[in-house]
Amino acid sequence: MSTAEARPSLDFVREAVAEDLRTGRFDGRVVTRFPPEPNGFLHIGHAKAICLDFGIAAAHGGACHLRFDDTNPMKEENRFVEAIKRDLRWLGFDWSEHEYFASDYYEQFYEYAVSLVRKGRAYVCDLGPDEIRAHRGTLTTPGQESPNRGRSIDENLELFERMRAGECADGSRTLRAKIDMASPNLNMRDPVMYRVLRATHHRTADAWCIYPMYDFAHGQSDSIERITHSLCTLEFEDHRPLYDWFLDELEIYHPRQIEFARLNITYTVLSKRRLVQLVDEGHVTGWDDPRMPTLAAMRRRGYTPEAIRAFCEKVGVTKTNSLSDVALLEHCLRDDLNARSPRVMGVLRPLKLVIDNYPAGQVEQMEAVNNPEDPGAGTREVPFSRELYIEQDDFREDPPRKFFRLAPGREVRLRYAYLVTCTDVVRNDAGEVVELHCTYDPETRGGTTPDGRKVKATLHWVSAAHAIEAEVRLYDRLFRTPRPGKDTGNYVDDINPHSLQVLTGCRVEPSVCGAEPGHRYQFERQGYFCVDPDSSPTRPVFNRTVPLRDAWAKIDQAAGRKGSKAS
RNA sequence: UGGGGAUUGGUGUAACGGUAGCACGGCUGACUCUGGAUCAGUUAGUCAAGGUUCGAAUCCUUGAUCCCCAGCCA
C-alpha cells in the first residue's frame, strides 16, 4: 500500500489493528473492551490498559465496552463495580451504553458448554482438585488422562445437567475440555470449564451453583459482544491457544487476542493480590489511602486524570517486561499541575518573624499573581502585617555555602511584599530559634527594588494574625526500594516507615478559606497540595500531591552525605 | 531437561537493510520576585560471538540472560 506514513510510529498493537483494517479482517470495525474483575480497585496499571483499549477504539470511531469479568463469586462485590465505574469516569472515559457483565451470559455459556459436550469435546470429570493436579503432570512431563475422559456423550450431558441442578457437592466434579493431556502448554491439558461452587454471586445471587472458568468465559464474552481486538497482558499469551480453541470448536465469531506487557513502576507494587494485602493487613488506611497506586488514592492525593493519561502515553505499549521510573509519572504530574494550579502561600513549619520597624496594627493588602503560567488566572490580595510566619527551613543561623535564604544580617525578599533584613534571633530555653526580628525597607513595597539591588532569595510567608491553621499530610513513596521485595524476598519488609508525615499547626494564607475537597493549589516553593475530604470548614487538611523539584534540597542532601550536619 | 515471550544509554521508548533519535533522570550554564517554571548545552546505548551484505539494532546461526505457565483465580 502507498499509505506508509511518516507520522509518529504506532505501537505494535495499533499497528496490528491498522493491518486488520487494511485487510478487512473485521469488515472495518474496531471494537475493544476493558474487562476488569470486580474484586478490587483499579490502579495505574489498569490505567495503561484503559488508555489502550479506549484509545484504540476512539482512534477508529469504534466502541470500547466495559465488561465486568465476574465469574468468581467468592471474590467479587458490587462495591467494586461501583468503584471501578467511578474511577473510569474520573479518568475521562465513556463506555456509553456498552456496560456488560460476563454473568449476563451465563445461560449462553451453559449452552456453549452443552454443545461442546455434544461434539465430544467436553466431559464431566469426577476428579477432585488434588487429583486433577496430580493428573496434570509437570512442566516437563505429560499429564495422565482422567478416568472419566471416555464417558459417553449422553452420560456427560446428564451429569452436566445434574451439576447445574445442584446434585453435586462443591468441588466434586468439573466439566473439562477434552484436548490433550500431553500438550506442552499446560493450559491445553483438559482445562476445567466449569466448577461446582455454592456462593452467592453479587448479581445472579443463588441462581447458579456452577460457574465458568475465565478461559471458558472471556473469549465467549468477546465473541458475543463482537469484539474485534481483545487486548490483555502477557501472562495470557499461554492462554491464547485455548482462547482460539474454544472459539473454533464452538464455531462462533472469533476476535483477535493481542498481549502486551503490564505496567510496573519503581517504588510501588501493582498487583491486585498485593494491594489487597496492603489494605487487609492495615499497612494503609484503605483502597484510597493517598499512598496507594490505585486511581481512587491518586485522585484523593491530587493527581489529575490528564497527568495519568499523559504518563500512560509516554510509557508506550510493547511486549518488553519493563519497570518505569516513578520520576516519569511525577514529571507528568508536575507538568500538568504547574500549568493549572493556582499559587498560594503556605507555611508548613512556622517560625515567627517580627518586623520591628513596621507599624503595629497596620495591615497592607499585597497583590499576588495567581499563576504565572496562566495570565488569565488573575491576581489576589494577601494581607501583610508586622508579625509573620516564615518557614523554619528558610532560616539558618550559620548558613552553609550556597544557602541563599535568611540568616543573621542577611536581606531577603518576602514574596510580593518587602525586602527584610534579619537583625535578631530569639531562642527558647532549649536553645532553639523561636523568633526572628527583622527590619524592612519601605521603598521595596511589592518586592521591587527601586535602586536595582538584588537579593538571592525570595521567601513565602503568611501574616500571623490572618493565616488559617491547617493540617498537612506529607507523603513519601510507600516502599523504600525500587523493586519492593527484590532483595528481602517479601515486599512488606520494604514498606517505608516514613511514608506519611502529618504536620499540624501549619499556616496558610486566608484566600484558601472554604476550598472544597479535591481543590488543588501550589504552595509556592513547596509543592502541589490538594484539599482532603477529611477537612472541616474550620480546619482544612491538605495532602501533598508531589513536592516541587528542589535544587537546594539536592545540594543540602549532597552536603549532608559528606558529614557536617550542624544542628 | 517442556512450552510461551522478551533483550537498544541509569529508566522508558523509536529506527521495519542506509547518519542509532525522542522523553525522563543526571550534570553544566542562562534567566527568574517560586533554588519552581522556562531556555541552552551535555552525559550515556544496540546482550554475546560468528556469518550474509558495499552497508546490520534490523537478515541467518549459535549461545547468554530475564519474565510467564503445573488454581476447581483472573
Side-chain angles (χ1 to χ4, degrees), chain A residues 4 8-9 11 15 35-37 39 69-72 74-75 125 127-129 132-134 136-143 170-176 183-189 191-197 210-211 213-215 217-218 232-241 259 261 266 272-273 314-332 334-335 338-339 343 345 368-369 372-373 402-405 413-417 419 444 446-449 454-460 482 522-527 547-555:
Chain A
S9 57
D11 59 66
E15 217 155 73
E37 183 189 12
N39 66 346
D69 220 335
D70 56 349
T71 54
N72 184 358
M74 303 288 282
K75 292 184 177 173
C125 176
L127 261 26
I132 286 191
R133 191 178 315 121
R136 185 154 32 225
T138 71
L139 295 178
T140 52
T141 60
D170 284 13
S172 64
R173 286 208 244 251
T174 57
L175 182 74
R176 294 229 256 165
S183 172
N185 180 347
L186 303 213
N187 294 124
M188 303 299 273
R189 320 244 263 224
V192 172
M193 295 163 59
Y194 271 92
R195 74 279 212 182
V196 181
L197 194 60
I210 57 173
Y211 290 93
M213 299 291 289
Y214 165 86
D215 286 306
H218 203 94
C232 60
T233 44
L234 253 29
E235 67 269 28
F236 291 103
E237 214 151 13
D238 284 343
H239 292 247
R240 181 157 27 98
E259 312 84 11
T266 52
K272 195 116 70 162
R273 198 204 109 239
K314 279 178 195 275
V315 296
V317 181
T318 66
K319 298 190 72 149
T320 311
N321 283 304
S322 60
L323 179 63
S324 292
D325 194 335
V326 70
L328 179 60
L329 210 211
E330 295 186 342
H331 164 264
C332 293
R334 291 192 183 99
D335 194 42
N338 175 52
R343 267 109 261 221
M345 291 193 282
V369 173
E373 303 295 322
K402 292 189 181 170
F403 181 88
F404 305 142
R405 285 112 95 146
R413 172 168 31 235
L414 293 179
R415 177 140 236 226
Y416 300 125
L419 268 59
T444 58
T448 57
T449 52
K454 304 246 187 249
V455 289
K456 292 276 264 182
T458 297
L459 310 186
H460 60 276
Q522 181 196 98
F523 286 6
E524 293 216 31
R525 304 206 306 131
Q526 311 254 31
L548 246 29
R549 286 183 68 227
D550 184 352
W552 165 247
K554 204 173 289 178
I555 295 168

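Excluded from the calculations below are hydrogen atoms, water molecules and symmetry mates; all remaining heavy atoms, backbone and side chain alike, are included. Convention: sequence-line order gives letters A, B, ...; per-chain numbering from 1. Since the structure is predicted, the reported quantities are computational estimates derived from the model, not experimental observations.
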- request: For the pair A/Lys75 and A/Glu37, find out whether any cationic side-chain nitrogen is under 4.0 Å from an anionic carboxylate oxygen.
  value: no
field: Short side-chain N/O contact from A/His331 to OP1 or OP2 of B/C24, under 4.0 Å
entry: yes
- prompt: Rounded to the nearest Å, what distance is computed from the CD1 atom of residue A/Ile132 to the C1' atom of nucleotide B/C72?
  reply: 6 Å
Separation of the P atoms in B/G29 and B/G10, to the nearest angstrom: 24 Å
- request: Check the distance between B/A70's C1' and A/Met213's CE and give it to me in whole angstrom.
  value: 13 Å
query: Start at the 5' end of RNA chain B and walk down; is the nucleotide closest to A/Leu139 or to A/Pro35 reached first?
result: A/Leu139
- prompt: With sugar-phosphate meaning primed atoms plus P, OP1 and OP2, does A/Asp550 contact a base, only sugar-phosphate, or nothing at under 4.0 Å between heavy atoms?
  reply: sugar-phosphate
message: Using atom P in both nucleotides, what's the gap between B/G5 and B/C54 to the nearest angstrom?
response: 34 Å
query: What is the base-pairing partner of B/U28, counting Watson-Crick and G-U wobble geometry with both distances under 3.5 Å?
result: B/A40
statement: Per the O4'-C1'-N9-C4 / O4'-C1'-N1-C2 angle with a 90° window around 0, B/G71 comes out syn
query: For B/C24, does either OP1 or OP2 sit under 4.0 Å from a side-chain N or O belonging to A/Ser324?
result: no
query: If we take the C1' atom in both B/A44 and B/C22, what is their distance in whole Å?
result: 14 Å
message: With a cut-off of less than 4.0 Å, is there a side-chain N or O of A/Arg189 near OP1 or OP2 of B/G3?
response: no
message: Does A/Asp238 contact B/G3 through a side-chain donor or acceptor facing the base, at a distance under 3.5 Å?
response: yes
- request: Quick one: label A/His218 by what it contacts on the DNA or RNA (base, sugar-phosphate, nothing), any heavy atom closer than 4.0 Å.
  value: nothing
message: Between B/U34 and A/Gln522, counting only base atoms on the nucleotide and side-chain atoms on the residue, is there a donor-acceptor pair under 3.5 Å?
response: yes
Along RNA chain B (nearest heavy atom to each residue), the more 5'-positioned of A/Asn39 and A/Lys456: A/Lys456
task: Remember a base hit wins even if backbone is also touched, and classify A/Leu329 as base, sugar-phosphate or nothing at under 4.0 Å, heavy atoms.
output: nothing
field: B/C67 OP1/OP2 closer than 4.0 Å to side-chain N/O of A/Lys319
entry: no
query: Say you pick atom P in B/G71 and the same atom in B/U61; how far apart are they, in whole Å?
result: 35 Å
field: Nearest-angstrom distance from the residue atom CZ of A/Arg549 to C1' of B/G35
entry: 11 Å
query: Donor-acceptor pair under 3.5 Å: do we get one between A/Glu373's side chain and the base of B/G36?
result: yes
query: OH of A/Tyr211 versus C1' of B/A74: gap in Å, rounded?
result: 16 Å
Sugar-phosphate only, base, or nothing, as touched by A/Lys272 at under 4.0 Å among non-hydrogen atoms: nothing
message: Nearest whole Å is fine: how far is B/G35 C1' from A/Arg415 CZ?
response: 12 Å
query: Are A/Arg136 and B/G71 close enough that a side-chain N or O sits under 4.0 Å from OP1 or OP2?
result: yes
message: Any side-chain to backbone donor/acceptor pair from A/Thr444 onto A/Leu419? Under 3.5 Å, distance only.
response: yes
message: Show the nearest heavy-atom pair for residues A/Leu127 and A/Ile132, with the distance to one decimal.
response: CB-CG1, 3.6 Å
- prompt: Taking atom C1' of B/G12 as reference, at what distance in whole Å does atom CD of A/Glu330 sit?
  reply: 15 Å
Gap between atoms CG and C1', on A/Leu323 and B/G10 respectively (whole Å): 12 Å
task: Using a 4.0 Å heavy-atom cut-off across all strands, classify A/Phe403 as base, sugar-phosphate, or nothing.
output: base
query: When all nucleic acid strands are considered with a 4.0 Å heavy-atom cut-off, which category describes A/Leu459: base, sugar-phosphate, or nothing?
result: nothing
field: Spacing of the C1' atoms in B/U11 and B/G45 (rounded, Å)
entry: 12 Å
- prompt: Quick one: is B/G5 close enough that its OP1 or OP2 comes under 4.0 Å of any side-chain N or O from A/Thr320?
  reply: no
- prompt: Can you find a donor-acceptor N/O pair under 3.5 angstrom joining the side chain of A/Arg405 to the base of B/G35?
  reply: yes
message: Does a side-chain N or O of A/Arg343 approach OP1 or OP2 of B/U34 to a distance below 4.0 Å, or not?
response: no
message: What contact category does A/Pro36 fall into here, base, sugar-phosphate, or nothing, at under 4.0 angstrom with non-hydrogen atoms?
response: nothing
- request: Send over the distance from A/Trp552 CH2 to B/G35 C1', rounded to a whole Å.
  value: 9 Å
query: B/A15 and B/U53: how far apart are their P atoms, nearest whole angstrom?
result: 27 Å
- request: Examine the base of B/C16 for any acceptor or donor lying under 3.5 Å from a partner atom in the side chain of A/Glu15, and report the outcome as yes or no.
  value: yes
task: Examine B/A70: is either OP1 or OP2 under 4.0 Å from a nitrogen or oxygen in the side chain of A/Thr138? Give yes or no.
output: no
